[in-house]
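Remarks on the structure that follows.
The chain is numbered in sequence order, starting from 1. Basis for what follows: all heavy atoms, side chains included, without hydrogens, waters or symmetry-related copies.
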Amino acid sequence: ELWDALGKVASEHLPDGGFLIAYSGKAHLPDVHNVLSDHLSYYWQGIVTHQGPGAKIFSRKLRTGYKPILIYQKGDLTAQEEFVSDVISGTGREKDDHEWQQAEGEAAELLERFTALNDTVCDPMCGSGTIGVACSRLRRRAVLIERDEDTLHSAREKVRNNE
């Protein structure tokens with residue numbers, strides 16, 4: 001249901017040609033694609049490669065060496081001006097501030113590939129504030145949303161301390 005809500009909000013608030021870019025788990029990927037496709041146009045799927053032996057997926061007896069990045073666009077598909085790679089080399093595990101924290105270097109790569117200076121980026125599940133910090137360093141504006149007040153306060157402090 002969160003994916004459906006995310007798709008609805010993105011379709012209402014993104015400008016035409018704007019991107020929804022989100023990390024996703026793999027077990028329910030077909031369902032996630034179906035739900036997002038109800039609201040936006042599928043653009044592409046990228047990946048972030050993991051370093052090391054990979055996380056264990058016990059339900060499937062697999063070691064995974066990557067994380068999917070789902071890329072959707074509002075309106076008719078419009079190609080990027082420049083070619084960008086759909087693979088990002090992982091910069092290592094960062095879980096110091098939140099259990100779902102993503103690496104800042106990986107977030108910065110996505111922002112550089114799909115946004116321009118002064119663009120506004122919305123992170124509706126900001127957790128530790130990684131996107132906000134990366135936006136600040138790359139001169140993008142960030143709207144951070146988090147339902148846990150303590151986590152949101154920590155994320156805001158982290159962004160302020162990295163400005």
Side-chain angles (χ1 to χ4, degrees), residues 2-3 5-26 28-29 32-33 35-37 39-52 54-55 64-146 151-152 154-156 158-159 161-163:
L2 289 177
W3 285 106
L6 180 61
K8 284 178 186 173
V9 167
S11 70
E12 292 170 6
H13 296 286
L14 280 173
D16 281 340
F19 290 101
L20 178 147
I21 300 173
Y23 295 112
S24 175
K26 295 181 254 341
H28 304 287
L29 201 50
V32 172
H33 277 297
V35 168
L36 289 178
S37 294
H39 306 287
L40 302 165
S41 299
Y42 172 76
Y43 189 83
W44 202 251
Q45 180 176 310
I47 65 166
V48 173
T49 60
H50 293 308
Q51 298 175 0
T64 183
Y66 76 99
K67 179 175 13 183
I69 302 167
L70 307 183
I71 306 168
Y72 281 77
Q73 192 174 44
K74 181 176 177 178
D76 294 332
L77 293 181
T78 305
Q80 293 286 95
E81 290 184 24
E82 302 288 329
F83 280 91
V84 295
S85 175
D86 60 0
V87 177
I88 293 176
S89 296
T91 56
R93 188 173 171 86
E94 294 179 24
K95 302 291 183 193
D96 298 336
D97 298 322
H98 193 273
E99 66 180 314
W100 295 103
Q101 183 176 344
Q102 303 300 318
E104 184 187 331
E106 298 164 8
E109 283 286 327
L110 286 169
L111 290 168
E112 287 179 324
R113 292 175 191 189
F114 290 95
T115 65
L117 292 176
N118 298 315
D119 274 358
T120 299
V121 175
C122 178
D123 185 351
M125 295 171 247
C126 77
S128 68
T130 299
I131 296 295
V133 170
C135 281
S136 178
R137 291 186 179 162
L138 295 172
R139 297 187 350 218
R140 274 73 167 168
R141 293 182 296 255
V143 175
L144 304 179
I145 301 168
E146 175 60 50
T151 301
L152 181 60
S154 296
R156 286 181 177 153
K158 182 177 176 180
V159 172
N161 292 336
N162 283 283
E163 289 180 334

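A donor-acceptor pair is defined here as one N or O able to donate and one able to accept, closer than 3.5 Å; no such pair exists between the side chain of K158 and the backbone of G132. T78 places a side-chain N or O within donor-acceptor distance of the main-chain N or O of D76, the cut-off being under 3.5 Å. Side-chain atoms of K74 come within 3.5 Å of backbone atoms of S11 as a donor-acceptor pair (strictly under, hydrogens ignored). A donor-acceptor distance shorter than 3.5 angstrom exists from the side chain of S41 to the backbone of G75, with no hydrogens or angles considered.
Atom CD of E81 has 12 or fewer neighbouring heavy atoms from other residues, nucleotides or ligands inside a 6.0 Å radius.
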| message | With side chain to side chain contact (heavy atoms under 4.5 Å, CB included) as the criterion, how do L29 and L70 come out once you've worked through the C-alpha distance, each side chain's angles and the decisive distance to 0.1 Å? | response | CA-CA 9 Å; L29 201 50; L70 307 183; 3.7 Å; yes

| task | Would you please test F114 and V121 for side chain to side chain contact (heavy atoms under 4.5 Å, CB included) and show each step? | result | CA-CA 10 Å; F114 290 95; V121 175; over 6 Å; no

| request: Begin with the C-alpha distance, continue with both residues' side-chain angles, and end with the deciding distance and a verdict on side chain to side chain contact (heavy atoms under 4.5 Å, CB included) for I131 and C126. | output: CA-CA 7 Å; I131 296 295; C126 77; over 6 Å; no

| Are E106 and Y23 close enough, and set up right, to give a side chain to side chain contact (heavy atoms under 4.5 Å, CB included), and what steps lead you there? | CA-CA 11 Å; E106 298 164 8; Y23 295 112; 3.8 Å; yes

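Here the closest non-hydrogen pair linking P124 and L6 is CG-CD1, 3.5 Å. Here the closest non-hydrogen pair linking A79 and Y43 is CA-OH, 3.6 Å. Here the closest heavy-atom approach between residue E146 and residue M125 is recorded as OE1-C, 3.8 Å. When all heavy atoms of T151 and G127 are compared, the pair lying nearest together is CG2-O, 3.2 Å. Taking all atoms of both residues into account, the shortest heavy-atom contact from Y66 to H50 is N-CD2, 3.2 Å. Nearest heavy atom pair, residue L20 against residue A10, reads CD1-CB, 3.4 Å.
Annotation: the span from T120 atom OG1 to L14 atom CG amounts to 11.0 Å, rounded to 0.5 Å. Separation of atoms CG (N162) and OG1 (T130) is listed at 10.0 Å; rounding is to 0.5 Å. With rounding to the nearest 0.5 angstrom, the CD1 atom of I88 is 4.5 Å from the CZ atom of R113. Atom CZ of R140 and atom CG of L117 lie 5.0 Å apart (nearest 0.5 Å). Remark: D123 CG to I145 CD1 distance equals 8.0 Å, nearest 0.5 Å. From D119, atom CG reaches atom CZ of R141 across 7.5 Å, with rounding to the nearest 0.5 Å.
Ring pair Y72/Y42: centre-to-centre distance below 6.0 Å.
Taking 4.5 Å as the limit, every side-chain heavy atom of V48 sits out of range of all side-chain heavy atoms of E109.
Take H13 and apply the side chain to side chain donor-acceptor pair (under 3.5 Å) test, not counting sequence neighbours, and it matches no residue. Shown here are the salt bridge (Lys or Arg N to Asp or Glu O under 4.0 Å) partners of R137, two or more places apart in sequence or in another chain: E104.
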